Structure formats: C-alpha cells, structure tokens
2 protein chains.
Amino acid sequence: MEIAEVLRKNGYKVTPQRLAVYEAINHNPTHPNAEAIYKILQPNYPSMSLATVYKTMEIFAKIGVVQVLQCAEDAHRYDYNTTPHAHIRCEKCNRVIDIDMDQEGLRQQAAEQSGFVVNGVSISFVGICPECREKS
Amino acid sequence: MEIAEVLRKNGYKVTPQRLAVYEAINHNPTHPNAEAIYKILQPNYPSMSLATVYKTMEIFAKIGVVQVLQCAEDAHRYDYNTTPHAHIRCEKCNRVIDIDMDQEGLRQQAAEQSGFVVNGVSISFVGICPECREKS
DNA sequence: TTATTTGCAAAGAATTTGCAGCAGT
DNA sequence: ACTGCTGCAAATTCTTTGCAAATAA
C-alpha cells in the first residue's frame, strides 16, 4: 500500500513534506533520529523544518509506518521495519542494526509473571561492532 | 559489601549525600527516577540538589550499584537490583516491576547474528497492570 | 471553502556542566 | 593540604507547542 493511501485512510493529508520524510526513511537501514532525517532532507527540501519532521514521525509511528526504538542512548530512532525484532547498538560508532528474534515466548513469560496485559516488547543490546573492534 | 566500601574501592569519596541517595534507592522497588529520588530526600536533606542526585546516580551506575532502565517513557529510572532481569511498565500508572528472565540465550543469539561483542542487554515490556485493568 | 498542515520561534522537560566554596582522606 | 565533591545557576539536548500563513481536500 502506498504511503499516500495509508495517510488518507487514517485521515491525514498527503503533503510533499510527508512524502519526502517517507522517502528518507523507507528502506533506510541506518535507524535515523529526527535530526538525521532532517539533514537527509536539507539538500532537496531546504525549507523543511525539524518540527515538521517530529510531527510527521509522530504520525508515522501512530499509523504503524515506522517503529520507535528506545535503544538509542540519545534521541529516538526510527525503523521502517515494523515487524517485531530486536536491535543492537555499537557503543563506539552508535550504529544500530536489526536482530531477528522471536518475541512471542518472552511476551508470554512476562505476562505470566506480572499479570499484566502485554502490549509491547523492546529488546535491545549494546556492544562493539566488528568494524570498531578491528580498529582497536 | 557496604556502600561506603564500594565507593572507596572505586576511588570515590564517601559523603553524606551519597549515603543518603543510597538509602533512598536501596531495596526501593519503585524504580525511581532522579526527580523521585530528589523528592524522597527533600524532607531529611533539604539542601541536597537535583544535580547531586544526577552525579551520584551516574557514579552508582558506573560502579554497578544500580542499573539504569531504558524502559521508562520519560526519564531514566534506576534499579538497585543489578542482576540481569527485564522490566514491565504499566502504560496507565507508569509503575515498573521486575520480570525474571534468562538473558544468556538472547545474548548469544544477538552475538551470532550481528558479529558484535555484546556488552549489555535491555528487555522491557509495556502493558496494563492488573490494578489499572480492574479500574476500567 | 475549510480544516489541516507548515515553519518559525519560543517553551518545555531532562540532563549536564562550570565554578567557587566546602569537605573527605 | 590536596583532591574531589557540592550546590547553584546557566547551558545543552531533545522534543513539543502556539500561532499565523499556506495548502490539500
């Protein structure tokens, strides 16, 4: 389904800014934060504001177009891959990559132990990536 | 081992403020954030500043006296229980409770898939606690 | 037309820092 | 005495918000 269609279906208008933000993050494996998305857009959309990026990402997160990562040490990062998976961040270079991991079992375990209704899971690792390890 | 001893062993001085902060968090199951710790201390230590709480917690985290949780939506929260375990936060009342969970297998899985050296794991869930569920 | 959205600038929340005086070792 | 610590206020960082002008439906 096209992003324009998804926006319309959810009652949001289709604007050049939203399409541009979507282009910047779709299949972007670097898990950018708002600032990074803003910088990607600067050359082609110099009038786009950081506030618009934040507002757009909030909408995208709400309608399930992106996933918000809590693993970053600093700011939120966004992932166009919305299937359940974990992340690992390199403590040296801060890159974030995806880890495939079944979360169903963990979810059940959490529900049983706590008595909570579990609505979300976030699994994140930190470590040193192969490239940074080589350098030192 | 006494907190005073741990501080000294790590080259930090033992001060009334640090002891007070330790008292406030030790066996405190509420996973307080810096602001909450500050408020706990106010009645007995009115001169203690929020900045000191932050500085102290940073040291405590570094020397392994507490664990920093990334699961809170807003601010960092601290846990005196430094053994590996997960957390679940209630989306309504924001309470955070512990979940026992073996993380060794997940760690290995992450290491294998990514090639990273894994230094840390953080597993957090969100959901609705039994009390809040009852209310609605 | 009309409700949304944009972009600016300003506010806000959480956290960190500089520094002068104070205190543990 | 020496070095590190405290507490204040100010700075920083990330994010949100109010509002007038612009724009999609």
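Sequence lines set the chain letters: A, B, ... in the order given, protein chains first and strands last, and positions in each chain run from 1. Not measured: the values here are computed from a predicted model.
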Check: How long is the line joining CZ of B/Arg77 and C1' of C/dA13, in whole Å?
Finding: 15 Å
Item checked: Nucleotide C/dA14, atom P - distance to OH of B/Tyr78 in whole Å -> 12 Å
Margin query: Can you work out whether B/Arg8 or B/Glu58 has the more 5'-proximal nearest nucleotide on DNA chain C?
Written below: B/Glu58
Item checked: Nearest-0.5 Å distance, CG of residue B/Asp79 to NE2 of residue B/His87 -> 4.0 Å
Notebook entry, point to check: Taking atom C1' of C/dG24 as reference, at what distance in whole Å does atom CG of B/Leu19 sit?
Noted result: 11 Å
Next item on the list: Measure the distance from CG on A/Leu50 to P on D/dT15 and round it to the nearest whole Å.
Entry: 9 Å
Notebook entry, point to check: Between B/His76 and C/dA14, does any side-chain N or O lie under 4.0 Å from OP1 or OP2?
Noted result: no
Next item on the list: Answer yes if the side chains of A/His85 and A/Asp100 hold a donor-acceptor pair under 3.5 Å, and no otherwise.
Entry: no
Margin query: If you count every heavy atom of other residues, nucleotides or ligands that lies below 6.0 Å from A/Glu104 atom CD, does the total exceed 12?
Written below: yes
Check: Can you check whether B/Tyr54 has a side-chain N or O nearer than 4.0 Å to OP1 or OP2 of C/dT16?
Finding: no
Next item on the list: Would you kindly give the CD-to-P distance between A/Glu35 and D/dT12, to the nearest whole Å?
Entry: 15 Å
Next item on the list: Rounded to the nearest angstrom, tell me the gap between atom OH in A/Tyr45 and atom P in C/dT6.
Entry: 13 Å
Notebook entry, point to check: Side-chain donor-acceptor pair under 3.5 Å between A/Asn119 and B/Glu91, yes or no?
Noted result: yes
Note to self: Whole angstroms only, please: what is the CE-P distance between A/Met57 and C/dT6?
What the structure shows: 13 Å
Note to self: Once you measure the plane-to-plane angle for A/Tyr80 and A/His27, does it fall in the parallel (<30°), tilted (30-60°) or perpendicular (>60°) bin?
What the structure shows: tilted
Item checked: Protein-nucleotide distance (A/Asn10, atom CG; C/dT5, atom P), rounded to Å -> 12 Å
Margin query: At under 4.0 Å between heavy atoms, how does the protein contact nucleotides 4-9 of chain D? Give one character per nucleotide, 5' to 3', with B, S or -.
Written below: SSBBB-
Notebook entry, point to check: Can you tell me how far CD1 of A/Ile97 sits from OG1 of A/Thr30, rounded to the nearest 0.5 angstrom?
Noted result: 13.0 Å
Next item on the list: Could you check if a side-chain atom of B/Ile25 sits within less than 4.5 angstrom of a side-chain atom of B/Ile37, using non-hydrogen atoms only?
Entry: yes
